[in-house]
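So that the names make sense, note that chain A is the first sequence line, chain B the second, and so on, each numbered from 1.
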Amino acid sequence: MNPVILEHYKHPRRHGALAAPTVRRRDVNPFCGDEVTIDLLLANGRIEDAGFDGRGCSLSLAAASILLDNVTGRPIDAVRRMSSDDMLALLDMEIGPIRRKCALLPFSVLQACLAEEKNGHE
Amino acid sequence: MKTTTLDRAAALRADFPILARKIGGRRLVYLDNGATSQKPEPVIRTLDDYYRFHNANVHRGAHTLSEEATTLYEQARLHIARFINAPSDTQVIYTSGTTESINLVANTWGRANLGPGDEVLITEMEHHSNIVPWHILRDQLGFTLRYVPVTDDGLLDEDALDDLLTERTKLFSFIHVSNVLGTVNPAAELTARAHAVGAKVLIDGAQSVPHMPVDVQALDADFLVFSGHKMCGPTGIGVLYGKRELLEAMPPFKGGGEMIRDVKMSGSTWADLPHKFEAGTPPIAQAIGLGAAVEYLTGIGMAWVHEHEQELLAYAYPRLGEIEGLRILGPGPTRRSGLISFILDDVHPHDLAAVLDQAGVAVRAGHHCAQPLHDRFGISASARASFYLYNTPEEVDILCAALEKAQDIFAF
């Protein structure tokens with residue numbers, strides 16, 4: 001097992017719901033039933049705070065921990081421009097086509113959060 | 001455990017070239033047979049020979065190769081018919097697999113026979129392939145879909161059947177052996193009860209036909225469906241068996257070449273069974289390959305395959321049960337097939353599969369295409385070890401050791 005993934009799985013950063021999130025989204029991985037909920041606090045064009053909850057394998061939950069740690073404090077527009085490959089690069093490990101779905105679940109929920117926020121303002 | 005059974009399994013391993021593979025430097029312990037089985041040399045050679053020496057389209061042309069390909073294709077059908085004791089090979093329809101077989105019945109028999117006020121009965125332990133086609137059809141035709149509950153022990157609630165099976169029930173479609181719980185359902189008894197109220201019966205044999213003797217006449221099944229790739233055959237080929245009068249009355253499923261008798265500008269008439277349901281160029285090599293698989297299994301004897309898997313189960317069930325924090329899903333070892341699904345405290349099934357893979361052990365992790373069943377037991381996913389004729393007790397030991405290692409890695 002990848003020690004960084006294991007460390008984030010056992011001691012996740014940004015774990016738990018936010019008290020007053022600007023936006024909250026939940027999604028499931030249809031291949032295994034895993035689910036991740038992400039809360040974002042958005043202000044001044046930035047992700048001011050982020051939290052997640054869910055049930056899943058070490059890869060999907062560690063990916064949430066690593067991703068939210070990375071994006072907190074960053075401009076929303078920059079995070080919106082992140083690609084799936086950027087997400088996989090954050091994990092810095094070899095991931096096969098089946099586990100990619102685990103690794104990308106939190107990323108897709110995060111992007112859905114930001115899309116919802118954008119639609120809400122337009 | 002009888003040494004004769006084990007010696008035979010050990011000898012049979014030599015027939016499966018892939019079992020010599022190493023995974024990350026370790027011997028492959030293949031325990032994902034419920035998903036697909038490995039292929040023996042005679043099947044691989046049959047496919048190779050077909051493409052090398054006999055390849056042509058079937059039932060078309062009058063050249064030597066076409067005659068040879070057609071003969072092989074139809075001989076395979078005969079072997080398969082004998083394998084399930086079908087009264088005639090014309091009642092063996094080639095499909096792409098169990099899923100297509102069920103969709104065929106839903107879209108032909110179902111469309112002709114189901115409407116508002118009618119009921120289709122399935123069970124809580126069905127694979128998605130025996131749920132979703134009925135969801136789609138129900139939304140179009142307006143019949144009611146009902147489910148036989150599953151008990152906490154992982155058995156069908158047979159008491160509930162009295163209320164669920166009524167004169168409104170037009171079809172009872174159930175899984176013979178659960179791909180998650182391993183439960184062996186009493187198919188002949190269930191079929192008799194359905195017939196008593198006038199319902200037709202479809203038996204999903206995807207997890208039974210590869211592992212035990214299955215006799216469609218003894219079961220009195222109206223339809224039996226199964227897949228080739230789970231029983232030593234190639235992917236892309238499966239079977240729909242049906243009673244003659246039902247198949248004859250059913251309209252075609254797909255239109256195209258091969259399935260017609262006569263085509264005019266004004267309309268078409270259909271070919272006789274089984275070709276009425278085999279539109280277009282069929283999976284020829286795959287059908288011939290399945291024929292070879294069935295010959296291979298017949299040579300070994302399905303009674304032996306079943307006995308061997310039961311012996312492995314009798315060995316594995318208590319061994320797994322000894323692992324602290326491991327919970328086995330489904331019934332005790334006497335009413336189940338040779339597969340065991342389980343959850344392990346603090347280790348997600350995906351993580352478990354990943355750690356086992358590092359030990360060379362291949363198992364399935366996820367909801368096994370049976371989400372309603374996992375919901376029933378309040379879990380999102382499980383891990384499954386499923387045996388076949390080539391597995392050995394040593395492999396069970398390797399599995400158990402790897403499970404304990406996974407617990408160490410993920411302990412909080």
Novice: Is the CD atom of Glu324(B) crowded by more than 12 outside heavy atoms at less than 6.0 Å?
Specialist: no
Novice: With only heavy atoms counted, which part of Ile98(A) is less than 4.5 Å from chain B, the side chain, the backbone, both or neither?
Specialist: neither
Novice: Going by ring-ring contact (aromatic ring centres under 6.0 Å, His included), name the pairs with one or both residues in residues 54-108 of chain A, residues two or more places apart or in two chains.
Specialist: none
Novice: Any donor-acceptor pairs between chain A and chain B, under 3.5 Å? If so, list them.
Specialist:
| from | atom 1 | to | atom 2 | distance (Å) |
| --- | --- | --- | --- | --- |
| His348(B) | NE2 | Asp34(A) | OD1 | 2.8 |
| His348(B) | NE2 | Asp34(A) | OD2 | 3.2 |
| Asp351(B) | OD1 | Ser58(A) | N | 3.2 |
| Asp351(B) | OD1 | Ser58(A) | OG | 2.4 |
| Asp351(B) | OD2 | Ser58(A) | N | 2.6 |
| Asp351(B) | OD2 | Ser58(A) | OG | 3.3 |
| His367(B) | NE2 | Pro30(A) | O | 3.0 |
| Ile409(B) | O | Lys10(A) | NZ | 2.7 |
| Ala411(B) | O | Lys10(A) | NZ | 3.0 |

Novice: The criterion is side chain to side chain contact (heavy atoms under 4.5 Å, CB included); which residues satisfy it with Thr151(B), sequence neighbours excluded?
Specialist: Asp153(B), Leu155(B), Asp157(B)
Novice: Holding to side chain to side chain contact (heavy atoms under 4.5 Å, CB included), I want the full list of residues that pass it with Ser227(B), two or more places apart in sequence or in another chain.
Specialist: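 Thr98(B), His229(B).
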Novice: Quick check on Ala406(B) against chain A: is it the side chain, the backbone, both or neither that has a heavy atom closer than 4.5 Å?
Specialist: neither
